[in-house]
Amino acid sequence: MQYLGFLFVWMLSANVYASENQLENLYQTNNVEGSILIESADGKLKYQYNLNNEASYIPASTFKIPNTLIILEEGLIKDASEVIAWDGVERDYEPWNADQTLKTAFQVSCVWCYQRYAKMVGDQKYHQYLRDFDYGNQLTGSEITRFWLDGDLRVSLEDQIRFLRKVYAETLPIQQQHIKTLKQIMLSDSNSAVKIWSKTGWSGKDGWYVGYLVVNNQTWFFANHIEIKQSSDLALRKSLTLEAFRLLDIVEH
């Protein structure tokens with residue numbers, strides 16, 4: 001019996017190792033420098049590539065996940081459909097040049113929308129929320145409207161997944177209705193086979209795709225960080241993640 005248990009563990013380890021070799025090939029074939037971490041909800045299965053436990057990065061727009069909760073909890077906006085009036089400033093990214101809602105602001109990564117509310121939240125409250133959330137290194141920086149873009153805030157891939165687990169389980173010190181609103185606007189893909197709650201991020205060389213997906217009644221958390229060398233790399237944040245799930249036979253080919 002003991003031998004069978006050992007054999008099962010050995011086979012599981014061998015399968016994980018083989019799968020991680022596939023992930024390495026995926027990134028190398030696409031000439032991408034990056035890391036990915038995928039974990040089952042029960043924590044029993046973990047797949048990773050090029051993970052450095054000491055490495056942490058600017059969260060960029062993935063910070064819109066906790067930031068949305070903070071804005072809602074502070075009562076600065078009441079729900080996902082409340083209008084955020086455009087300030088009339090023309091910006092390079094056309095989808096930002098219009099009135100938004102919290103839902104559209106999240107989905108098009110409207111920087112000016114979240115910067116408007118960041119001024120209202122202020123540094124002191126942000127520090128408190130970062131401590132309460134145990135989010136990354138819990139630092140902001142000199143500019144309250146940019147600390148998640150080019151300030152002092154840093155997160156690792158493990159940090160991202162730890163926080164996503166709290167969102168999923170609704171165990172954060174936030175009113176439950178606000179977490180449900182966040183989940184509503186985080187739902188990015190939904191069909192009969194797979195549902196994905198996610199957020200992309202990009203600042204300088206830091207490119208992110210983080211979230212969780214549900215397939216065959218199983219939940220998987222993921223964090224993918226890649227180095228952005230050119231604009232065409234941006235699509236790889238999501239496409240590499242989904243291909244990784246296919247290679248692992250978690251999502252159908």
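N30 places no side-chain N or O within 3.5 Å of a backbone atom of V32 that could act as its donor or acceptor partner. Within the 3.5 Å criterion, the main-chain N or O of Q177 finds a donor-acceptor partner in the side chain of T181. For D99 (side chain) and W86 (main-chain N/O), a donor-acceptor pair under 3.5 Å exists by modelled atom type. Under the 3.5 Å distance criterion, the side-chain polar atoms of H178 are left unmatched by any main-chain donor or acceptor of I174. Side-chain atoms of E158 do not come within 3.5 Å of backbone N or O of N53 as any donor-acceptor pair. No donor-acceptor pair closer than 3.5 Å links the side chain of D189 to the backbone N or O of I196. Proximity of a side-chain donor or acceptor of R146 to a complementary backbone N or O of E143 within less than 3.5 Å is not detected. With hydrogens and angles disregarded, no donor-acceptor distance shorter than 3.5 Å links the side chain of D206 to the backbone of Y57. Judged by distance alone, the side chain of T68 and the main-chain N or O of K64 form a donor-acceptor pair under 3.5 Å. Side-chain atoms of K183 come within 3.5 Å of backbone atoms of Y168 as a donor-acceptor pair (strictly under, hydrogens ignored).
For the residue pair K195 / S190, a side-chain donor-acceptor distance below 3.5 Å is found, with atom types taken as modelled. Side-chain contact annotation: T241 with K238, donor-acceptor N/O pair under 3.5 Å absent. Residues D159 and S156 have side chains that bring a donor and an acceptor to within less than 3.5 angstrom of each other. A donor and an acceptor atom, one from each side chain of E24 and Q28, are located under 3.5 Å apart. Under the 3.5 Å distance criterion, with hydrogens and angles disregarded, a donor-acceptor pair is assigned to the side chains of S188 and S198. Residues E82 and T101 bring no donor and acceptor atom of their side chains to less than 3.5 Å of each other. Side-chain atoms of N224 and Y49 include no donor-acceptor pair closer than 3.5 Å.
The minimum heavy-atom distance linking Q138 with L153 is given by the pair N-CD1, 4.1 Å. Closest of all the heavy-atom pairs between S35 and N50 is OG-O, 2.7 Å. Annotation for C110 and Q100: closest pair SG-CG, 4.1 Å, computed over non-hydrogen atoms.
Relative ring orientation between W148 and Y126 is described as tilted, the plane-to-plane angle lying within the 30° to 60° band.
Cluster membership check: F106 shares its hydrophobic cluster with L69, using side-chain heavy-atom separations under 4.5 Å among Ile, Leu, Val, Met, Phe, Trp and Tyr. No single ILVMFWY cluster, assembled from side-chain heavy atoms under 4.5 Å apart, contains both I228 and V210. W202 and Y114 are members of different hydrophobic clusters when ILVMFWY side chains are connected at heavy-atom separations under 4.5 Å. No continuous path of ILVMFWY side-chain contacts below 4.5 Å connects W208 to L26, so the two sit in separate hydrophobic clusters. Cluster membership for L76 and I179, using ILVMFWY side-chain heavy atoms within less than 4.5 angstrom, is shared.
Partners of W96 by ring-ring contact (aromatic ring centres under 6.0 Å, His included), not counting sequence neighbours, listed by chain and number: Y93.
Aromatic ring centres of F163 and F133: separated by under 6.0 Å. Between Y135 and Y129, the ring center distance fails the sub-6.0 Å criterion.
You'll find the side chain of E252 stays beyond 4.5 Å of the side chain of R246, heavy atoms only. Contact of the V214 side chain with the V194 side chain is not registered, since no non-hydrogen atoms from C-beta on lie closer than 4.5 Å.
Other residues, nucleotides and ligands contribute over 12 non-hydrogen atoms within 6.0 Å of the CD atom of E90. In the displayed structure, K205 atom NZ is contacted under 6.0 Å by at most 12 heavy atoms of other residues, nucleotides or ligands. More than 12 heavy-atom neighbours from other residues, nucleotides or ligands sit within 6.0 angstrom of CG on D87.
Cation-pi geometry between K46 and F221 is not met: the NZ or CZ atom fails to fall both under 6.0 Å from the ring centre and inside 45° of the normal.
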Worksheet item: Run the salt bridge (charged side-chain N to carboxylate O under 4.0 Å, His left out) check on D233 and K229 step by step: do they pass?
Response: CA-CA 7 Å; D233 292 339; K229 300 173 185 175; over 6 Å; no
